[in-house]
Amino acid sequence: MPAPMMDTYSPPDLVFDHGKGTRLYTEAGDAYLDFISGIAVNCLGHAHPKAVAALNEQAGKLWHLSNMFKVPKGIELAEKLCAATFADRVFFTNSGAEAMECALKTARRYHFVNGNPQRYRIITFTGAFHGRTFGAINAGGNPKYLEGFGPAMEGFDQVEFGDLDAVKNAVTEETAAICVEPVQGEGGVRAPEDSFLRGLRQICDEHGLMLIFDEVQSGAGRTGKLFAHQWVEGAEPDIMAAAKGIGGGFPMGACLATEAAAAGMVVGTHGSTYGGGPLAMAVGNVVFDELTSDGFMDHVVDVSNYLRQQLHGLMDRHGDKIAEIRGKGLLVGVKLKDGFDPKKLAGLARDRHLLVGAAGDNVCRMAPPLIITKDDASEAVAILDEALDALEAS
Ligand code: PLP
């Protein structure tokens, strides 16, 4: 019999049974230190008691309603998100790609309802990743992800990440928006200069464009602020996609927008059967409250500084293999020199019970739960040290 699942993934022969905090366990009880957290998702670690309690309580009461009826916990979470950010309005989704779809639609609708339907083009960046729906793969523009899916969708103009002049040159009468990840994840864990995000804001203001931030990976406290762009003064977006960490492992996403930007998103323009459902909203509130609790972000900053310092030590020891330590906060990239494969490094680390991932641009990616301790960081770096010793050029 053929394998029942599509061949879209190639997981190793390692099955996890349960998780607790920063560790994942096999059925036999073998522990693994999780430094990828389902690709930047389990921000509170595994089986966080408050999240488990909220989910269990909600599961016993009400699972699903659809958006035919109000979900009070959704309104509560939307209010909290708006109070903590630039936003006035929220649309809840189930995933990051859906949050991006909503963001792209919101930007185009803004111009439509303001009498400029000809403004529909969106400037995007090399190395971008926005998800796997049709809209998102076209926004991302990665030829590998577009191949075989028919003609590329009209309306996206890709320019070099970090190049403000290229952005200025790409703006036309038809441009609706600029869409960017404040820290690129999939593209190689690349954090641009603050001046880049600020410059994008200025270009948008000059030309009446919507600025869309994709904070699906960089948000939810990952960089030590609730959202990564909040490190940069004068760089607030009009629209933002969030997901991954905001659900702490329960599938959810959100598109946030200012009142003005959301003007076109009226009854009938968008929808989702499951988005904003009671289970997701119950967990989402707990995650938000934890992320914004006293000292939580200080911990992320403190432990990420420690991890980065340790990783620089690792780079000193393995200067022949490591080219650069990058990223922001606990979104960390270890860029390997040409000839060394980050997937192989991740495999060698996994053999030693440390879970890390790979990203574009020859980068080994780490996105641990935000609750890691300095001891966890030291343990991870010690394992990576051994894995690097074992890593051979391909
Ligand atoms: N945007 C960014 C920046 C991402 O990193 C991802 C996923 O990795 C997505 C969007 C898509 O999110 P999802 O896989 O939840 O659809």
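We count ligands from 1, going down the list as the structure has it; atoms in each ligand are counted the same way.
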Item to check | Any side-chain heavy-atom pair of Glu193 and Arg198 under 4.5 Å | outcome: no
Item to check | Pairs where residues 79-92 contributes a residue and the test side chain to side chain donor-acceptor pair (under 3.5 Å) is met, not counting sequence neighbours | outcome: Glu76-Lys80, Lys80-Asn285, Lys80-Asp289, Arg89-Glu259
Checklist entry - Hey, would you say the Tyr120 and Phe156 ring centroids sit under 6.0 Å apart? => result no
Item to check | With Lys344 via side-chain hydrogen bond (donor to acceptor under 3.5 Å, both in side chains) - residues at least two apart | outcome: none
Next on the checklist: Once side chain to side chain donor-acceptor pair (under 3.5 Å) is applied, what residue pairs with a partner in residues 311-326 remain, sequence neighbours excluded?
Outcome noted: Arg317-Asp385, His318-Asp385, Glu324-Arg326, Arg326-Asp361
Checklist entry - Got the residues with a heavy atom under 4.0 Å of ligand 1, by chain and number? => result Ser95, Gly96, Ala97, Phe129, His130, Gly131, Glu181, Asp214, Val216, Gln217, Lys244
Checklist entry - Do Tyr32 and Thr26 get their side chains close enough for a donor-acceptor pair, meaning under 3.5 Å? => result no
